[in-house]
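Okay, so here's the structure we're looking at.
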Amino acid sequence: MTALLTTANWNSAAWMRELRAAAPDRKFVLHGIDDYDPAEIRYALTWKPPEGLLPALPNLEVIFNLGAGVDAVLSDPELPDLPLVRLVDENLADRMAEWVTLQVLAHHRGTLTYLAQQHAHQWRERDQPIASEVRVGFLGYGVLAQHAARVIVSLGFEVQAWSRSEKDTDVTLYVGDEALPDFLANTDILVVLLPLTEATREIVNADLIAGLAKDGALGGPILINAGRGGLQNEADILAALNSNVLKGASLDVFQTEPLPADSPLWTAPNLIITPHNSAVSDPRSVSRYVARQMQAHEAGQPLENVVDRKRGY
Ligand code: NDP
Ligand code: OXD
C-alpha cells in the first residue's frame, strides 16, 4: 500500500530515507518529485499539505500529521472525513521539555539582564529567588506540557496547569474557562502549550496578561509560548513588554512565520525569539511511529492518537 509524503520545506530526502528504513517493504512517494497515481495512495504523511491535495486522493485511508498540532491540516475546508492521526512521540516531548526548561530558567535566572550587563562590562549581582518561590503555570496540559512539567517540578518550581477536562495529576489543576482567572492569578511564568482551535485563538491577549500574578518573586509575569502563533495577540504582547507589564517573554511561534524582518517584536525588550523549532519532528523517530501504526491498521487494530475533529485537536 503506497504512502505519500508531503513536508512543506523540510528535508524530504532524510524523511524518505528514514521511512524506507522503517518500512522497507512499503512504497513511499514524495509529492512534487515522484510520479504517482493518486488512486494508489492509501496513506498521506503530511505537514502543511497543499490545499486540495488530500481531497484528490480517492483511496486514501489515513492521514498522518507529522507534527503534534493539526491546525494546518484541519484548515483545509475540503479535508476528507478520514482518521487524522497526530504525532505523539517521546523524542518530540523530550525536545519540548528541553526548550521549556531553558526558557523558564533563562527568565528565572535573569539571563537577558546578565547578557546586557556583560555587553556593558558591568559586574552587578541581582536578587535571585529560589525556584520554590516561583509559580510556573502551563496553559494547556496535554502530552507535551505534562512531560515538560515533570522537569520543571524536579527543579523545585511550584507547578500548576489549566486544561479543558479533569485529569489525574500531582500538580494543581484548573479546569475550564471559569477556572482560568484563578489559574492566571497564581502564575508567575506562563507556559503556553495549547493547540490552536476556535476556542483558543488569540487567547493570549491583553486581558489574559493583565490577569497574571503581579506579586510574584520575579517582580512581574513572564510569558512563554511554544503552542502556535495564532494563540497570541502580538500587538498586545508587544505593548505589555514595552510597558514592563510583562517582565519578559519567549516566543517560538508567530502569527506569520517566518517572522517578517520588519516586525517590531525583533527588538522588543526582554523577548527571546526562536524560529518555531522548540520541538522539531525527528524523521527516524516519526517514521517508526508511522510504520508501526500503518502495520497495526492493516492488522485491523485501532489507530492511536486520532484527532477529535469536533474539538479541533
Ligand atoms: P495535547 O492535545 O496533548 O494537549 C493539548 C492541551 O490543551 C490539553 O491539556 C487540552 O485539554 C488543552 N486544551 C485544548 N483546548 C482547550 C481549551 N479550550 N481550554 C482549556 N484547555 C484546552 O497536545 P500536545 O501537548 O501534544 O501539543 C500541544 C501543542 O503544542 C500542539 O497542538 C502544537 O500546536 C504545539 N507544538 C508546537 C511545537 C513547536 O515546535 N513549537 C512542537 C509540537 C507541538 P484536555 O487535556 O482537557 O484535552
Ligand atoms: C508540531 C510543530 O505541531 O512542530 O509538531 O509545531
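Computed from a predicted model, the values in this text were never measured in an experiment. Each ligand, and each atom within it, is numbered from 1 in the order the structure gives. Positions are given from 1 along the sequence.
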Heavy-atom side-chain contact between V136 and V191 under 4.5 Å: yes

At a 4.0 angstrom heavy-atom cut-off, ligand 2 is contacted by W47, G67, A68, G69, R228, H276, A279

Using a strict cut-off of less than 4.0 Å between a Lys/Arg side-chain nitrogen and an Asp/Glu carboxylate oxygen, indicate whether D215 and R135 qualify as a salt bridge. yes

Determine, for K27 against E40, whether the closest basic-nitrogen to carboxylate-oxygen distance falls under 4.0 angstrom. yes

Report yes if the side chains of N59 and R42 come closer than 4.5 Å at any heavy-atom pair, otherwise no. yes

Short side-chain donor-acceptor distance under 3.5 Å, T7 and S12: yes

When you measure from atom 28 (C) of ligand 1 to every protein heavy atom, which one gives the shortest distance, and what is it? L193 O, 3.5 Å

Going by the angle between their ring planes, with limits at 30° and 60°, are H276 and W47 parallel, tilted or perpendicular? perpendicular

Heavy atom of the protein closest to atom 35 (C) of ligand 1 (residue, atom name, distance): G227 O, 3.4 Å

Quick check: does R228 get an N/O under 3.5 Å from an N/O on ligand 1? yes

Min heavy-atom dist G67 to ligand 1 below 4.0 Å: no

Please verify whether a non-hydrogen atom of K167 lies at under 4.0 Å from ligand 1. yes

Examine the proximity of ligand 1 to S165 and report which part, side chain or backbone, both or neither, has a heavy atom under 4.0 Å away. both

Would you check whether M96 has a nitrogen or oxygen atom less than 3.5 angstrom from a nitrogen or oxygen atom of ligand 1? no

Would you check if H107 and K247 make a side-chain contact, meaning some heavy-atom pair closer than 4.5 Å? no

Should W15 and S287 be marked as a side-chain hydrogen bond (donor to acceptor under 3.5 Å, both in side chains) after you check the CA-CA gap, both sets of side-chain angles, and the distance that decides it? CA-CA 8 Å; W15 279 86; S287 295; over 6 Å; no

Mind checking whether R86 has a heavy atom under 4.0 Å from ligand 1? yes

Looking only at protein heavy atoms, which one is nearest to atom 10 (C) of ligand 1, and what is the separation? Y313 OH, 3.5 Å

Quick one: does L144 get an N or O within less than 3.5 Å of an N or O on ligand 1? yes

Should you measure from each heavy atom of H276, which atoms of ligand 1 turn up under 4.0 Å away? 39 (C), 40 (O), 41 (N)

Any donor-acceptor N or O pair under 3.5 Å, side chains Q146, T169: no

Within the 4.0 Å heavy-atom cut-off, what D252 brings close to ligand 1 is side chain

Are the side chains of L139 and L193 in touch, meaning some heavy atoms are under 4.5 Å apart? no

Beyond-backbone contact of V290 with L66, side-chain heavy atoms, under 4.5 angstrom: yes

Among all protein non-hydrogen atoms, which one is nearest to atom 37 (C) of ligand 1, and what is the separation to 0.1 Å? A226 O, 3.0 Å

Relative to the heavy atoms of A199, which atoms of ligand 1 are at a distance of less than 4.0 Å? 18 (N)

According to a 4.5 Å side-chain heavy-atom criterion applied to Ile, Leu, Val, Met, Phe, Trp and Tyr, with indirect links allowed, do I272 and L231 form part of one hydrophobic cluster? no

Regarding Q103 and S250, do their side chains bring together a donor and an acceptor under 3.5 Å, going by distance alone? yes

Number the atoms of ligand 1 from 1 as they appear, then name those within less than 4.0 Å of a heavy atom of A68, with their elements. 26 (O), 43 (C), 44 (C)

Ignoring hydrogens, just give me the one of G142, P195, A93 whose non-hydrogen atom is nearest atom 7 (O) of ligand 1. P195

Can you find an N/O atom of N277 closer than 3.5 Å to an N/O atom of ligand 1? no

Determine the sole option in N305, V307, L84, L45 for which the side-chain contact (heavy atoms from CB on, under 4.5 Å) test with N65 is passed. L84

Starting from atom 12 (C) of ligand 1, what is the nearest protein heavy atom, named by residue and atom, and what distance separates them? L194 CD2, 3.8 Å

For ligand 1, is any non-hydrogen atom under 4.0 Å from V253's backbone (N, CA, C, O), its side chain (CB onward), both, or neither? side chain

Which protein non-hydrogen atom lies closest to atom 39 (C) of ligand 1, naming both residue and atom, and how far is it? S278 OG, 3.2 Å

Among the heavy atoms of T197, does any lie under 4.0 Å from an atom of ligand 1? no

May I ask you to check whether Y141 has an N/O atom sitting below 3.5 Å from an N/O atom of ligand 1? yes

For ligand 1, which atoms have a heavy atom of G69 less than 4.0 angstrom away? 31 (C), 32 (O), 33 (C), 34 (O)

Among all protein heavy atoms in this structure, tell me which lies nearest to atom 19 (N) of ligand 1, with the distance rounded to 0.1 Å. W162 CH2, 3.2 Å

State, yes or no, whether a side-chain contact exists between L194 and W162 at a heavy-atom distance under 4.5 Å. yes

Is there at least one pair of N or O atoms, one from A279 and one from ligand 1, spaced under 3.5 Å apart? yes

Electrostatic pair D177-R164, nearest N-O below 4.0 angstrom: no

Taking atom 21 (N) of ligand 1 as the reference point, the nearest protein heavy atom with its distance: R164 N, 3.1 Å

Counting only heavy atoms from other residues, nucleotides and ligands, does the tally under 6.0 Å from CD of E298 exceed 12? yes

Could you check V151, L105, D188 and say which one makes a side-chain contact (heavy atoms from CB on, under 4.5 Å) with F157? L105

Looking at R109, I'd like to know if its CZ atom is crowded, meaning that more than 12 non-hydrogen atoms belonging to other residues, nucleotides or ligands lie closer than 6.0 Å. no

